[in-house]
Amino acid sequence: SMELAKHDEL
Amino acid sequence: IVTFKITISFIALGISGKSQLLFALVFTTRYLDLFTSFISLYNTSMKLIYIACSYATVYLIYMKFKATYDGNHDTFRVEFLIVPVGGLSFLVNHDFSPLEILWTFSIYLESVAILPQLFMISKTGEAETITTHYLFFLGLYRALYLVNWIWRYYFEGFFDLIAVVAGVVQTVLYCDFFYLYVTKVLKGKKLSLPA
């Protein structure tokens with residue numbers, strides 16, 4: 001799910 | 001660019017302190033994951049640079065060169081941005097957790113944070129050329145993400161609806177400015193608007 005996705009963008 | 005511009009010119013004239021305050025808030029709430037996750041040295045460095053530059057700019061405008069800040073023309077009501085954006089980030093997010101809500105808040109806020117600056121230019125009717133370069137690259141930065149997101153969707157299956165919608169909104173808000181930048185500034189003219 002999205003909650004586990006790291007936000008890897010700036 | 002904007003930190004550099006104020007530092008070397010010793011004046012904050014023509015720069016919206018309100019937009020810069022909003023950007024400081026954007027980067028602070030976005031990059032709280034500095035404490036929880038590591039992506040890459042590049043990623044961490046850029047986060048720290050963005051945070052440092054945004055606070056340095058706020059300091060230059062409201063403290064060091066306060067006398068040169070054109071507050072009379074910086075009259076956009078930021079509560080009209082912060083309150084709806086705050087509400088929306090509670091309602092529409094990927095996960096109802098403090099860090100994720102703050103990340104979402106920063107994404108929504110960034111998409112509209114330039115409005116006080118654009119409003120200020122529309123009131124004064126002009127902008128220094130270096131200020132227009134700053135605005136152009138700030139807009140380009142998110143516009144290029146739109147291309148990157150299409151790439152990542154096809155090749156990595158990556159898709160973040162919140163970031164994409166906010167990125168589209170942000171880019172659309174810059175369109176009128178992009179037009180003026182290309183038709184005036186790139187042709188060597190100063191950006192001045194008809195009265």
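To find a chain, count down the sequence lines: A is the first, B the second, and so on, and within it residues start at 1.
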Name the option with the most non-hydrogen atom pairs under 4.5 Å to chain A; the candidates are B/Tyr50, B/Tyr31, B/Trp103. B/Trp103
So does A/Leu10 get a backbone contact from the side chain of B/Tyr145, meaning a donor-acceptor N/O pair under 3.5 Å? yes
Treat each ILVMFWY residue as a node, draw an edge where side-chain heavy atoms are under 4.5 Å apart, and state whether B/Phe80 and B/Leu115 are in one component. no
So, for B/Lys47 and A/His7, which heavy atoms are closest and what is the spacing to 0.1 Å? NZ-O, 4.5 Å
Is B/Tyr141 atom OH crowded by more than 12 heavy atoms from other residues, nucleotides or ligands, each under 6.0 Å away? yes
Of all the heavy-atom pairs spanning B/Asn43 and A/Asp8, show the shortest one and how long it is. ND2-O, 3.1 Å
Tell me, for B/Tyr42 versus chain A, whether the close heavy atoms (under 4.5 Å) come from the side chain, the backbone, both or neither. side chain
Quick check on B/Asn148 against chain A: is it the side chain, the backbone, both or neither that has a heavy atom closer than 4.5 Å? side chain
If you count the non-hydrogen atoms of other residues, nucleotides and ligands that lie under 6.0 Å from NZ in B/Lys66, is the total more than 12? no
Single-linkage hydrophobic cluster, 4.5 Å side-chain cutoff, B/Met120 and B/Ile6 together: no
Treating Ile, Leu, Val, Met, Phe, Trp and Tyr as nodes and any side-chain heavy-atom pair under 4.5 angstrom as an edge, say whether B/Met63 and B/Leu22 lie in one connected cluster. yes
Residues B/Arg30, A/Glu9; criterion salt bridge (charged side-chain N to carboxylate O under 4.0 Å, His left out); working and verdict: CA-CA 10 Å; B/Arg30 172 101 36 101; A/Glu9 295 174 337; over 6 Å; no
With a 4.5 Å cut-off on side-chain heavy-atom distances among I, L, V, M, F, W and Y, is there a chain of contacts connecting B/Leu32 to B/Val26? no
